[in-house]
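Some notes on the structure that comes next.
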Amino acid sequence: MSSVLTQHQRVLSGMRPTGLLHLGHYHGVLKNWVNLQHEYECFFFVADWHALTTHYDDPRIIAESTNDMVIDWLAAGVSPGSSKIFIQSRVPEHAELHLLLSMITPLSWLERVPTYKDQQEALKEKDLATYGFLGYPLLQSADILVYKAGQVPVGEDQVAHVELTREVARRFNHIYGREPGFEEKAESAIKKMGKKDARLYRDLRKRYTEQGDQQALEVAKALLENQQNISLGDRERLFGFLEGAGKIILPEPQALLTPASKMPGLDGRKMSKSYRNTISLRESPDDISQKLRTMPTDTNRVRRTDPGDPDRCPVWQLHEVYSDDEKKQWVREGCTSAGIGCVDCKQPVIDAMVAELKPIRERAKDYLDDPSAVQAIIDEGSEAARDVARDTLDEIRKVMCLSR
Ligand code: TRP
Ligand code: SF4
């Protein structure tokens with residue numbers, strides 16, 4: 001596996017618009033995005049076509065959620081100055097690449113993606129025996145490859161989709177990366193690096209191809225990454241030449257595994273819309289208090305005078321997220337000795353949540369009051385994304401002999 005250094009420093013991720021975002025999304029995904037945007041060139045998009053694969057009979061909710069989702073991203077700190085924020089269906093190149101990739105993707109690759117059967121099973125009430133749903137992961141591959149993204153932040157459940165993307169990219173490069181005179185072109189590209197680097201490249205390539213020296217491969221990739229004097233095409237050739245293949249047109253992305261969200265819901269299970277145990281990012285302070293005050297505690301603690309056990313209590317799990325050691329100590333001692341009541345115990349969590357969501361709610365309100373500002377951000381992000389996607393498609397059409 002190649003190191004971060006050698007990967008394209010571009011990050012891409014998407015989210016399906018199927019409802020309001022909640023604290024689980026914030027702690028699990030959005031905080032991560034916000035951090036990534038300082039380090040990488042980031043592309044974040046609303047996967048409305050993906051939502052349509054499962055909600056084709058209820059498209060209104062997709063349209064409504066799309067705008068809300070962008071507002072929630074902005075409110076959480078995703079910045080249009082650092083990231084491209086856009087809507088999948090506004091960049092038709094995703095669909096074109098999906099179609100072209102479908103020509104070389106064996107049916108069996110899609111049928112064996114675990115989410116295919118799992119989701120059909122989980123959403124039994126829907127008919128998901130559709131062409132579109134089978135193609136879901138391939139559309140995702142197109143999303144990633146159209147930007148030649150190197151890093152794809154996703155949860156565990158999406159790793160298989162990134163893996164498929166790697167296989168599809170490899171197959172694509174294998175079929176379309178061969179160009180007439182490839183070796184000669186690679187040789188002349190090597191010379192352009194200058195004597196010293198050319199010698200180093202040749203030496204590293206030899207160590208890799210003859211002795212399978214992985215580290216030499218890494219170093220050679222880093223060397224290419226740092227070349228200032230060669231064209232993009234030559235660089236891709238030399239990446240391909242390193243591993244003996246043809247030109248690398250579509251680089252293989254890596255999954256950047258998002259640590260599983262530890263955000264517990266109001267019932268102690270993972271916070272999730274389907275469990276109806278969520279606090280939305282737009283929740284008012286009153287509603288937060290109300291929801292927290294009525295949430296269950298240790299069921300064995302019936303009366304105020306009964307001692308409780310934090311390990312049997314969902315409120316304790318929220319303290320794990322929001323409280324420092326001192327506060328947690330206070331909870332454990334007070335609970336097990338019946339020194340504090342559950343209402344007292346919940347208050348610091350309520351305060352912390354209200355404080356956490358205050359700036360988010362305020363920013364969301366600003367955007368809700370100014371729909372044209374949101375539109376402008378989406379328009380700009382979609383145009384910028386399209387520029388990149390267009391370039392990739394130009395290149396792809398060329399190697400697939402589709403002229404314009
Ligand atoms: N399938 C992803 C999910 O359900 C959403 C998604 C669509 C995505 N396209 C993507 C994520 C591309 C990362 C990269 O969460
Ligand atoms: Fe749960 Fe706190 Fe009540 Fe103990 S005191 S049962 S930890 S809410």
Side-chain angles (χ1 to χ4, degrees), residues 11-19 21-22 24-25 28-30 32-33 43-59 61-62 65-66 69 88-89 94-95 97-147 149 151-172 250 252-263 265 269-275 278:
V11 162
L12 170 126
S13 199
M15 226 188 254
R16 282 169 305 151
T18 50
L21 296 189
H22 52 65
H25 296 112
V29 182
L30 293 175
N32 191 33
W33 285 11
F43 289 70
F44 298 125
F45 71 99
V46 181
D48 54 348
W49 280 334
H50 276 108
L52 214 45
T53 65
T54 50
H55 290 63
Y56 53 83
D57 55 355
D58 188 14
I61 181 169
I62 300 176
S65 309
T66 294
M69 181 169 262
Q88 186 182 35
S89 63
H94 291 230
L97 183 55
H98 178 210
L99 174 88
L100 295 176
L101 294 178
S102 78
M103 306 301 169
I104 63 161
T105 305
L107 213 44
S108 60
W109 288 12
L110 294 173
E111 285 163 343
R112 69 160 196 241
V113 173
T115 44
Y116 179 55
K117 293 258 151 62
D118 291 353
Q119 286 294 97
Q120 280 184 338
E121 195 61 30
L123 303 172
K124 268 214 192 75
E125 70 284 4
K126 295 190 173 157
D127 178 5
L128 294 182
T130 58
Y131 181 50
F133 188 67
L134 179 66
Y136 183 113
L138 190 62
L139 177 57
Q140 186 162 349
S141 300
D143 296 337
I144 298 167
L145 296 174
V146 82
Y147 302 105
Q151 307 281 333
V152 184
V154 284
E156 191 80 65
D157 61 320
Q158 298 289 311
V159 171
H161 295 177
V162 179
E163 198 47 51
L164 172 81
T165 306
R166 295 168 61 84
E167 285 172 26
V168 170
R170 219 173 294 148
R171 187 167 163 83
F172 186 94
L250 299 176
E252 292 177 36
Q254 280 189 317
L256 198 61
L257 198 62
T258 312
S261 167
K262 294 203 192 67
M263 190 63 207
R269 291 186 289 177
K270 180 182 145 100
M271 188 176 283
S272 161
K273 194 177 77 173
S274 50
Y275 296 151
T278 61

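Along the sequence shown, residues are numbered consecutively beginning with 1. Quick caveat: nothing in here was measured; it's all calculated off a predicted structure. Atoms considered below: every heavy atom in the structure, side chains included; atoms not considered: hydrogens, waters and symmetry mates.
- Looking at S65 and T18, their side chains never come closer than 4.5 Å, going by heavy atoms from C-beta outward.
- The heavy-atom pair separating L134 from L107 by the smallest distance is CD2-CD1, 3.8 Å.
- Between K270 and Y275 the shortest heavy-atom distance is O-CD1, 3.2 Å.
- Residues H98 and Y136 place their aromatic rings such that the two centres sit no closer than 6.0 Å.
- Partners of H25 under the side chain to side chain donor-acceptor pair (under 3.5 Å) rule, at least two apart in sequence or in another chain, do not exist in this structure.
- Every residue meeting the side chain to side chain contact (heavy atoms under 4.5 Å, CB included) condition with L123, not counting sequence neighbours, appears here in chain and number order: T54, Q119, E125, L128.
- Considering only heavy atoms from C-beta on, F43 stays 4.5 Å or farther from V11 through its side chain.
- Using a cutoff of 4.0 Å between basic side-chain nitrogens and carboxylate oxygens, K126 and E121 are not scored as salt-bridged.
- For the pair V159/L257, a side-chain contact is recorded, criterion being any heavy-atom separation below 4.5 Å from C-beta on.
- At least one side-chain heavy atom of D143 sits less than 4.5 Å from a side-chain heavy atom of H50.
- Contact detail for L110 and G135: the closest heavy-atom pair is CD1-CA, 4.5 Å.
- How far CE of M263 is from OG1 of T278: 10.5 Å, rounded to the nearest 0.5 Å.
- Counting non-hydrogen atoms of neighbouring residues, nucleotides and ligands closer than 6.0 angstrom, the CD atom of E156 reaches no more than 12 such neighbours.
- Nearest heavy-atom pair, A142 versus L97, reported as atom, atom and distance to 0.1 Å: O-CD2, 3.7 Å.
- Residues W49 and R16 fail the side-chain proximity criterion, which asks for heavy atoms closer than 4.5 Å.
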Exercise for review: Carefully, step by step, assess L21 and M69 under the rule side-chain contact (heavy atoms from CB on, under 4.5 Å).
Suggested key: CA-CA 7 Å; L21 296 189; M69 181 169 262; 3.8 Å; yes
**Study point:** Test log, rule side chain to side chain donor-acceptor pair (under 3.5 Å), inputs D48 and T66
**Key:** CA-CA 7 Å; D48 54 348; T66 294; 5.0 Å; no
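- The side-chain heavy atoms of M15 and F44, taken from C-beta on, include no pair separated by under 4.5 Å.
- Contact annotation: the side chain of L256 never approaches that of N32 to less than 4.5 Å [non-hydrogen atoms, C-beta and beyond].
- The backbone N or O of P153 sits less than 3.5 Å from a side-chain atom of S13, completing a donor-acceptor pair.
- Between D127 and Y56, the shortest heavy-atom distance links the atoms O-OH, 2.6 Å.
- Checked against side chain to side chain contact (heavy atoms under 4.5 Å, CB included), T165 has the following partners two or more places apart in sequence or in another chain: S141, I144, L145, P253.
- In this structure, the separation between CG on L164 and CG on L101 is 9.5 Å, given to the nearest 0.5 Å.
- Nearest heavy-atom pair, A169 versus E252, reported as atom, atom and distance to 0.1 Å: CB-CG, 4.2 Å.
- Proximity of Q140 to Q158: side-chain heavy atoms (C-beta onward) are separated by under 4.5 Å at one or more points.
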